[in-house]
Amino acid sequence: MVIPEPHPDEISLYIHVPFCRKKCGYCHFFVLPNKPEYHRLLLKGIHLEWQKQRELLKGKTLTSIYFGGGTPYLFGAENTRIFLETIFSVLSFDKNIEITLEANPYEMEKKSLKDFRDAGINRLSLGVQSLEDSLLKILTREHTREEAINSINEAKEVGFDDISIDLMYEIPGQTLKLWENTLNSAISLPITHLSLYNLTFEPHTSFYKRKDQLIKLLPAENESLAMIQSAVDHFNNASLKRYEISAFAREGKYSRHNTGYWLGRSFLGFGPSAYSYYRGKRYRNVANLNQYMDKLEAGLSPVDFEEELPQEQKLREHLAIRLRLIQGVHLPTFERLFTFLPTELKLTLHRLEEQGFLKQEEERIFLSTQGILLYDSIAVELI
Ligand code: SF4
């Protein structure tokens with residue numbers, strides 16, 4: 001699977017919908033209770049933001065739109081349709097545009113799914129996490145294995161051909177056997193894409209407070225490694241190819257939106273706490289719905305953080321992020337797009353190759369099997 005270089009005029013949109021019925025114990029995202037008055041505020045806010053940002057989109061072609069969160073499914077098909085119509089009334093878009101909605105299995109209903117499809121959503125990303133009831137309980141998820149399986153089948157029945165699921169490993173109490181039960185069930189479902197995550201203990205979560213107790217229940221390091229290898233083997237046998245360190249897809253079904261992040265495509269974020277990346281600058285909206293609204297209603301920018309890295313640091317970061325893709329980095333193309341690699345960086349790449357973490361074939365560098373496992377340390381060396 002070869003992922004093409006984004007055209008400089010391509011752009012993506014991300015809409016952060018922060019509502020959830022309940023906060024999961026491990027979640028560190030900006031999340032609010034699911035209240036109708038918040039929905040009204042958000043809809044107004046993203047429209048005000050749209051008015052401010054649309055100038056930046058002139059002459060651009062929209063490649064993907066991603067409704068993430070939170071649980072954007074809770075925002076409702078009608079609000080989603082209204083915002084998409086606003087966008088499409090003024091912007092040109094790629095005929096293969098990918099429009100993804102994140103959802104959780106327990107709240108999905110067939111009728112709403114159909115409404116979302118009619119509103120323009122053509123890809124679903126479902127927070128399944130596990131297909132083992134005991135582990136879903138530990139994760140404080142609200143759904144069961146059966147509900148997850150039914151939701152995926154129902155999504156397929158109403159016409160979603162692109163369905164991605166998230167699965168989590170390194171859960172307290174998880175064994176290789178339980179993981180393989182989940183893998184076997186997952187590959188029998190009508191999914192086209194899969195993302196893997198390991199559980200992390202982030203500050204300000206209830207899991208973080210119980211860290212000492214939960215850590216004792218984590219799988220041992222060698223078992224975690226066996227879990228990753230088993231996942232790669234299971235997915236490979238089911239024609240779900242690894243195209244990024246944590247992402248697997250059927251042929252041609254890679255996430256257009258996420259590959260934009262890895263390849264440095266510009267994107268604009270809407271909603272509280274949403275990030276944007278535009279003309280080499282990264283910025284983020286304030287992570288507070290009232291402050292976000294106050295700023296927009298006063299005609300001000302809701303951005304509370306922005307940074308633009310110095311040229312060399314930017315180059316290093318792009319290189320490290322692109323290496324997450326299994327296809328690696330074609331060096332002449334990379335140097336044409338950015339600038340020549342500094343000698344010191346070339347020497348680091350050469351050393352990592354000699355140490356067996358990187359490989360090089362026909363001017364393309366990519367991570368070796370060992371390099372994939374140790375990606376975080378390699379990225380630190382490159383950046
Ligand atoms: S559903 Fe997702 S976004 Fe919402 S609290 Fe759970 S992990 Fe966080």
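Side chains are part of it too, since the values below use all heavy atoms of this structure and drop only hydrogens, waters and symmetry mates. Keep in mind that what you see is a predicted model, and the values were worked out from it rather than measured. Atoms within a ligand are numbered from 1 in the order they appear, just like the ligands themselves.
- Salt-bridge check for D118 with K114: passed, with a basic side-chain N closer than 4.0 Å to an acidic carboxylate O.
- Atom 4 (Fe) of ligand 1 has an N, O or S atom of C20 inside 2.8 Å of it.
- Here the protein heavy atom with the shortest distance to atom 1 (S) of ligand 1 is N104 ND2, 3.2 Å.
- The main-chain N or O of H257 is found under 3.5 Å from a side-chain atom of E98 such that the two form a donor-acceptor pair.
- Relative to the ring axis of Y375, R324 places its NZ or CZ within 45° and under 6.0 Å from the centre.
- Ligand 1 lies less than 4.0 angstrom from a heavy atom belonging to G70.
- Looking at atom 5 (S) of ligand 1, its nearest protein heavy atom turns out to be C24 N, 3.3 Å.
- For atom 2 (Fe) of ligand 1, the nearest non-hydrogen atom from the set K23, R141, H28, K22 comes from R141.
- Here is the list of ligand 1 atoms found below 4.0 Å of a heavy atom in C27: 3 (S), 5 (S), 7 (S), 8 (Fe).
- Taking 4.0 Å as the cut-off between side-chain N and carboxylate O, D161 and K253 do not count as a salt-bridged pair.
- A salt bridge is defined here as a Lys NZ or Arg NE, NH1 or NH2 lying under 4.0 Å from an Asp or Glu carboxylate O, and K281 with E306 meets this definition.
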